[in-house]
Amino acid sequence: MRYTEYLLNTLKETPADAEVISHQLMLRTGMIRKVAAGIYSYLPFGLRAVRKVEQIVREEMDRAGAIELLMPMVTPADLWSESGRWEQYGKELLRLKDRKDTEFCLGPTHEEVITDIVRREVKSYRQVPLNLYQIQTKFRDEIRPRFGLMRGREFIMKDAYSFDVDEAGADIAYDKMYQAYRRIFERCGLKFRAVEADTGNIGGSASHEFMVLAESGEDAIVSCDSCEYAANVEKAEILFTAGATPLATHPLTEVSTPAQRSIADVASFLKIAQSQLVKTLIVKTDSDETLAVLLRGDHELNEIKLCRVLGCNEVLMADDATVTQVTGAPVGFAGPVGLKLRVIADHAVSAMADFVVGANAVDTHYTGVNNGRDFAVATFADLRQAEAGDRCPRCDGGTFESWRGIEVGHVFKLGHKYSRALNAVVLDADGKERTLFMGCYGIGIGRSVAAAIEQNHDENGIIWPLPIAPFQVMITMLNPKDDAVRQTSEQLYTDLRSAGIEVLLDDRDERPGSKFKDADLLGIPLRVTVGGRGIKEGALELQVRADGSKDSLPLAEAAQRIVARVDAELAAWR
RNA sequence: CGGGGAGUAGCGCAGCCUGGUAGCGCACCUGCCUUGGGAGCAGGGGGUCGCAGGUUCAAAUCCUGUCUCCCCGACCA
């Protein structure tokens with residue numbers, strides 16, 4: 001591609017509304033442009049990277065035996081009613097009506113549609129195992145889209161769905177996808193980790209997330225420093241070994257704590273550690289129960305775990321009015337003593353004695369509090385968020401380290417959730433109906449591109465991993481008005497292209513400085529500089545974007561050596 | 001949706017407090033000059049100041065409403 005015939009506008013300055021580096025660089029390199037919140041156009045340079053990732057995904061899906069198809073983006077409400085998700089999904093599902101007032105939605109995921117296809121087409125156990133995938137635009141009306149392609153409302157996703165007659169088959173399908181995902185992200189040049197995850201509202205029994213390690217990641221993950229266990233903090237189990245409850249040694253005492261509302265405030269006011277406090281959270285469930293949740297002062301509530309314990313879909317922190325009403329005190333002074341609510345507590349609380357809680361009265365706390373003696377806990381459970389330093393639940397002696405990650409892929413064992421709802425069954429060898437076991441497997445394509453940039457950049461711009469680079473080689477033609485320079489560049493351009501190399505020829509009449517800056521920004525892995533100086537010496541300069549190393553190529557063999565280099569490096573990624 | 005911030009040329013910003021000619025840098029166009037790390041000179045194009053209403057002789061500026069965007073939280077590939 002010739003720069004002068006391409007659509008590629010780089011920005012010298014960073015647009016003010018881009019926060020994370022991948023978003024900034026995608027805007028500065030002209031990969032994407034925003035059309036509305038969370039909705040982007042992929043400009044030519046950006047689309048090339050997207051297509052590269054798609055191609056890797058396609059190759060690995062095919063290799064793993066999955067079959068590509070394409071489902072519609074607009075899907076009828078009827079199907080969603082069958083699974084119950086028309087009601088469950090909420091505002092994230094963008095609903096619309098056609099001219100006849102029939103209801104539809106833009107597909108946020110395609111379990112319903114694929115299950116409908118399979119129940120119509122697949123009648124016999126002989127037709128499974130089957131794994132179908134598509135690469136398609138999804139729409140989720142996210143509450144808060146952000147960070148460019150990292151969390152868009154409209155985004156390109158690869159989604160695959162496996163169907164098996166029994167659980168053993170489903171496990172094999174899951175494992176195949178898991179392995180395929182590892183290959184995909186390795187081939188994309190990403191440093192990632194597969195972690196155990198919560199299944200969220202997709203449902204199902206088990207799942208792993210593929211997390212690209214990055215400071216800007218929206219997810220917190222923990223991993224064991226001595227075994228293989230790694231999990232999203234939403235999911236990570238806390239090791240708790242029940243011991244004897246420590247004995248109470250202090251009487252219940254009321255203390256004045258004027259205007260000390262937060263755990264940090266109270267701890268420093270009373271000159272005690274935060275772990276000596278118990279925090280009392282007043283929460284409301286989606287079935288309208290208001291209850292109190294107790295956690296050690298330095299621990300964080302994990303709402304997903306709480307939901308699982310309560311058997312509900314959602315818990316919300318109670319609003320100020322509710323807190324005031326049930327505790328009789330303003331927010332900041334709630335405590336379990338004398339509280340007329342169901343109290344459930346994290347395991348850690350059962351190992352505490354003589355702790356501090358709010359007294360349900362303004363500017364007042366209790367010290368010397370003990371559960372059992374001063375209040376009753378209905379249920380103890382694992383309710384808190386895992387954190388660095390916690391003991392590993394899977395091995396002896398390991399402790400957690402914590403990371404931030406970008407979720408680029410997620411694999412789920414769905415079991416019968418959708419196949420039962422939509423009655424996707426086959427006849428087995430005995431002529432009996434068997435409900436299909438399903439799995440579903442997603443990859444965020446655009447997010448993977450963004451994640452690759454998060455991991456591969458420096459202060460000058462992007463450093464593309466070769467397999468997903470929009471172009472493999474950039475020729476920087478220093479002075480297009482110099483005939484020797486122009487002819488040499490043109491010849492190299494032609495030679496490389498005919499050898500199948502993807503090359504961007506910077507034939508603009510710009511000064512060298514601008515061209516070098518743009519080359520660094522665009523981050524094409526190999527850069528060949530063609531200038532009068534080199535030509536006089538009969539050589540071209542090859543510079544590697546990743547490490548800045550330079551190599552002098554004799555003119556006569558330049559093309560051939562570049563081709564060999566691209567081929568060799570590409571081979572290393574497969 | 002709750003909390004915070006911002007809308008002035010494609011991008012980055014000033015002007016607003018104290019009402020009166022819409023401005024700067026980059027980018028873009030023309031010419032000259034220059035060609036190994038974002039040159040220089042000269043000329044030029046581009047704006048319903050987010051939108052609507054109000055106050056006023058006069059509104060980017062003051063008032064009211066509204067929309068959009070960004071950041072923090074819940075959601076997720």
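Sequence lines set the chain letters: A, B, ... in the order given, protein chains first and strands last, and positions in each chain run from 1.
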Exercise for the section: Once you apply the 3.5 Å cut-off to both distances, tell me the Watson-Crick or G-U wobble partner of B:rA59, or none. Expected result: none
Practice task
Would you indicate what A:Asp520 reaches in the nucleic acid, counting non-hydrogen atoms under 4.0 angstrom: base, sugar-phosphate, or nothing?
Solution key: base
Completion exercise
Sorted by chain and residue number, the side chain to side chain contact (heavy atoms under 4.5 Å, CB included) partners of A:Glu541 (sequence neighbours excluded) come out as A:Thr529, A:Gln543, A:Lys550
Handout entry: Shortest non-hydrogen separation from A:Trp464 to A:Ala469 and the atoms involved
Key = CB-CB, 3.5 Å
Exercise for the section: Would you indicate which nucleotide in B:rC75, B:rC70, B:rC76 comes nearest to any side-chain atom of A:Arg140? Expected result: B:rC76
Problem - Under 3.5 Å side-chain donor-acceptor pair for A:His110 and A:Lys138 - result: yes
Practice task
Would you kindly check if the NZ (Lys) or CZ (Arg) of A:Arg95 is within the cone defined by 45 degrees around the ring axis of A:Trp80 and under 6.0 Å from the six-membered ring centre?
Solution key: no
Handout entry: Integer-rounded Å distance: B:rC75 C1' and A:Glu92 CD
Key = 5 Å
Handout entry: Any N/O donor-acceptor pair, A:Arg511 side-chain to B:rC33 base, under 3.5 Å
Key = no
Exercise for the section: State whether the distance check finds a donor on one side and an acceptor on the other, under 3.5 Å, for side chain A:Arg151 versus base B:rC75. Expected result: yes
Problem - Pairs meeting criterion salt bridge (charged side-chain N to carboxylate O under 4.0 Å, His left out) with involvement of residues 448-460 of chain A, two or more places apart - result: A:Asp458-A:Arg545
Completion exercise
As its Watson-Crick or G-U partner within any shown strand, both distances under 3.5 Å, B:rC1 has B:rG73
Practice task
Tell me whether A:Phe155 is stacked on the nucleobase of B:rA77, counting only the six-membered base ring and applying the 5.5 Å and 30° thresholds.
Solution key: yes
Exercise for the section: Step through it carefully: locate the ring centre of A:Tyr174, locate the ring centre of A:Phe412, and say whether they are under 6.0 Å apart. Expected result: no
Handout entry: Residue matched to B:rC16 through Watson-Crick or wobble contacts both under 3.5 angstrom
Key = none
Practice task
Establish whether the base of B:rG36 is bridged to the side chain of A:Asn479 by a donor-acceptor pair shorter than 3.5 Å.
Solution key: no
Practice task
Give a yes or no on whether a donor-acceptor pair under 3.5 Å exists between the nucleobase atoms of B:rU35, that is its base, and the side chain of A:Lys515.
Solution key: no
Problem - Sidechain N-carboxylate O distance under 4.0 Å for A:Glu59, A:Arg63 - result: no
Problem - Contact pattern, 5' to 3', of nucleotides 3-13 of chain B - B, S or - by protein heavy atom under 4.0 Å - result: --------BSS
Exercise for the section: Both distances under 3.5 Å, Watson-Crick or G-U wobble: report the partner of B:rC26, or none. Expected result: B:rG10
Completion exercise
By nearest-nucleotide position on RNA chain B, the 5'-leaning member of A:Thr10 and A:Lys34 is A:Thr10
